[in-house]
Amino acid sequence: RAKAEGRGGWRFFEPDMDVEAQARRKLEFDLREAFARSQFELYYQPIIDVKSGRASVCEALLRWRHAERGMISPAEFIPVAEEMGLIVEIGQWVLREACRTCATWPSDVRVSVNLSPIQFRRGNVESTVRAALADAGLSPERLELEITETVLLQDTPTIRLSLERLQSLGVRIALDDFGTGYSSLSYLQSFHLDKVKIDRSFLVGIEVEPRAMTLLRGVARLSADLGMDVIVEGVETQQQLVVISAERSVCGVQGFLFSRPVPAPEIAAFLGSERQESIRVA
Ligand code: C2E
Ligand code: MG
Ligand code: MG
Ligand code: MG
């Protein structure tokens with residue numbers, strides 16, 4: 001401020017740029033502070049197995065309650081953390097925390113963790129994963145990693161090798177947000193991934209527009225034929241669930257219809273109550 005009003009006082013006539021740059025610097029500062037002070041939290045959202053009607057996996061989703069601004073969406077702060085490189089350390093924390101929490105759940109429930117492409121580029125993902133599993137005493141079969149096309153886009157021998165090594169440990173790899181990026185279909189063939197999560201944009205109009213369901217069905221069957229488990233994200237209504245679960249190639253559903261992402265104690269309670277009475281899927 002002082003600087004801007006002193007010798008660089010002319011900046012005063014470009015207030016927008018100044019305000020934007022300052023807000024950005026403040027966000028970066030606050031992110032570092034929040035991380036140093038352990039102010040991040042993980043929420044969990046169940047993914048329901050269509051056959052059993054039970055939660056087979058819970059996805060860990062990062063939450064940041066800012067002192068002045070309240071909850072800030074990961075869609076806003078994760079790109080900033082990625083540009084700062086801070087996502088590597090945050091990502092390590094997420095893995096450890098998610099594995100520790102999963103270790104307290106019923107043993108047939110897995111945890112799913114989102115990985116940033118930056119973690120593959122700058123961090124040693126494989127050793128981070130190994131350390132997190134060992135630290136929590138969690139079996140690798142109970143961990144799933146969600147990656148996006150951007151990771152596969154970097155297609156290098158190193159990426160292939162780290163994915164294969166993780167898989168040979170028993171960790172499952174899921175392709176997240178499928179269908180939102182570019183030429184995704186070829187990735188399905190050339191990488192041997194375990195799961196595909198079909199983006200919720202495929203659900204628009206699905207209850208009323210047969211062509212929308214045709215598209216979803218096509219992608220789901222293609223993925224299933226290539227040996228992957230198919231998950232549909234963003235299920236919000238019973239009508240959507242009815243049409244989706246009629247498609248045999250879909251094996252899991254996730255969305256607000258079943259549960260919003262909730263704090264660890266709440267997901268533990270959900271997983272507990274769910275033991276008695278499974279959710280009616282179809
Ligand atoms: P994502 O991995 O695709 O996660 C699913 C997002 O969809 C979550 O948003 C979730 O709250 C939201 N969602 C779930 N069901 C529904 C529904 O029925 N309707 C609608 N409208 N939305 C639904 P969230 O938690 O805001 O996270 C946004 C994105 O931020 C995530 O998308 C993921 O890409 C990223 N993210 C979150 N946590 C982490 C993390 O720990 N590490 C990294 N690298 N990225 C993360
Ligand atoms: Mg995800
Ligand atoms: Mg997703
Ligand atoms: Mg998404």
Side-chain angles (χ1 to χ4, degrees), residues 31 34-35 39-48 55 57-65 70-102 110-123 125 128-129 132 143-151 172-181 184 193-204 206-207 219 223 229-241 244 252-264 266-267 270:
L31 263 173
F35 184 62
Q39 284 169 354
F40 289 109
E41 199 181 335
L42 288 185
Y43 275 31
Y44 298 89
Q45 186 182 34
I47 299 168
I48 309 297
V57 189
C58 296
E59 178 174 5
L61 293 158
L62 194 56
R63 293 292 178 262
W64 177 26
R65 202 184 300 275
M71 255 338 165
I72 301 184
S73 161
E76 182 182 345
F77 71 79
I78 283 174
V80 179
E82 285 178 332
E83 277 177 47
M84 295 165 70
L86 188 64
I87 194 68
V88 174
E89 289 165 77
I90 294 178
Q92 287 174 346
W93 175 80
V94 170
L95 267 165
R96 278 182 185 273
E97 180 74 14
C99 288
R100 279 191 199 147
T101 303
C102 180
R110 300 187 293 272
V111 72
S112 180
V113 173
N114 293 283
L115 290 188
S116 159
I118 310 295
Q119 289 176 268
F120 280 89
R121 223 176 296 159
R122 300 215 207 143
V125 173
T128 302
V129 168
L143 177 63
E144 300 190 353
L145 300 173
E146 300 191 7
I147 62 170
T148 53
E149 263 176 17
T150 319
V151 171
R172 289 173 174 79
I173 309 289
L175 183 58
D176 201 358
D177 301 336
F178 183 75
T180 52
S184 342
L193 306 176
D194 302 282
K195 292 192 161 192
V196 171
K197 298 186 76 176
I198 299 180
D199 192 75
R200 66 187 173 87
S201 55
F202 279 86
L203 298 188
V204 175
I206 206 159
E207 319 89 325
V219 172
S223 307
D229 283 353
V230 177
I231 310 298
V232 175
E233 299 190 290
V235 181
E236 291 180 355
T237 68
Q238 191 65 39
Q239 294 95 300
Q240 287 175 334
L241 180 63
I244 295 162
V253 281
Q254 175 179 12
F256 295 167
L257 179 64
F258 311 102
S259 169
R260 290 190 170 256
V262 293
E266 278 176 53
I267 201 73
F270 178 92

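Index from 1, following the sequence. In this text, all values refer to a predicted model and were calculated from it rather than measured experimentally. Counting starts at 1 for both ligands and their atoms, following the listed order. These values consider heavy atoms only, across backbone and side chains, with no hydrogens, waters or symmetry-generated copies.
At least one heavy atom of Glu59 sits less than 4.0 Å from an atom of ligand 1. Residue Glu82 places every heavy atom at 4.0 Å or more from ligand 1. Taking 4.0 Å as the cut-off, Arg260 does not count as a neighbour of ligand 1 on heavy-atom distance.
Of the heavy atoms in Gln254, none comes closer than 4.0 Å to ligand 1.
Of all atoms in ligand 1, listed by their number and element, those nearer than 4.0 Å to a heavy atom of Pro261 are 11 (O). Shown in contact with Val94 at under 4.0 Å from a heavy atom are these atoms of ligand 1, numbered in order with element: 41 (O). Close contacts of ligand 1 with Glu236, meaning ligand atoms under 4.0 Å from a residue heavy atom, involve 17 (C), 18 (O), 19 (N), 20 (C), 21 (N). Residue Gln45 has at least one heavy-atom neighbour below 4.0 Å for each of these atoms of ligand 1: 14 (C), 15 (N). Within ligand 1, the atoms closer than 4.0 Å to a non-hydrogen atom of Val235 are 18 (O), numbered from 1 in the order shown. Numbered from 1 in the order shown, with element, the atoms of ligand 1 that lie under 4.0 Å from a heavy atom of Glu233 read 3 (O). Every atom of ligand 1 is numbered from 1 in the order shown, and the set under 4.0 Å from a heavy atom of Asp177 is 3 (O).
Asp199 lies apart from the Mg ion (ligand 3) in this respect, since none of its N, O or S atoms is found at a distance under 2.8 Å. Look at Asp176 and the Mg ion (ligand 3): an N/O/S atom of the residue is under 2.8 Å from the metal.
Among the atoms of Leu62, some N or O lies under 3.5 angstrom from an N or O of ligand 1. Close N/O approach between Ser73 and ligand 1 is not found [any backbone or side-chain N/O within under 3.5 Å].
With sequence neighbours left out, the ring pair (Phe, Tyr, Trp, His ring centres under 6.0 Å) criterion links Phe120 to no other residue.
Nearest N, O or S atom of Asp177 to the Mg ion (ligand 3): atom OD1. Taking the Mg ion (ligand 3) as reference, Glu233 places its N/O/S atom OE2 nearest.
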What side-chain donor-acceptor pairs closer than 3.5 Å can you find for residues 252-262, not counting sequence neighbours?
{"residue": "Gln254", "atom": "OE1", "partner": "Lys197", "partner atom": "NZ", "Å": "2.9"}
{"residue": "Gln254", "atom": "NE2", "partner": "Gln45", "partner atom": "OE1", "Å": "2.9"}
{"residue": "Gln254", "atom": "NE2", "partner": "Glu59", "partner atom": "OE1", "Å": "2.8"}

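Ring pair Phe40/Trp93 is tilted by interplanar angle, where 30° to 60° counts as tilted.
Of all the listed residues (Ile78, Leu257, Leu61), Ile78 holds the heavy atom that lies closest to atom 39 (C) of ligand 1.
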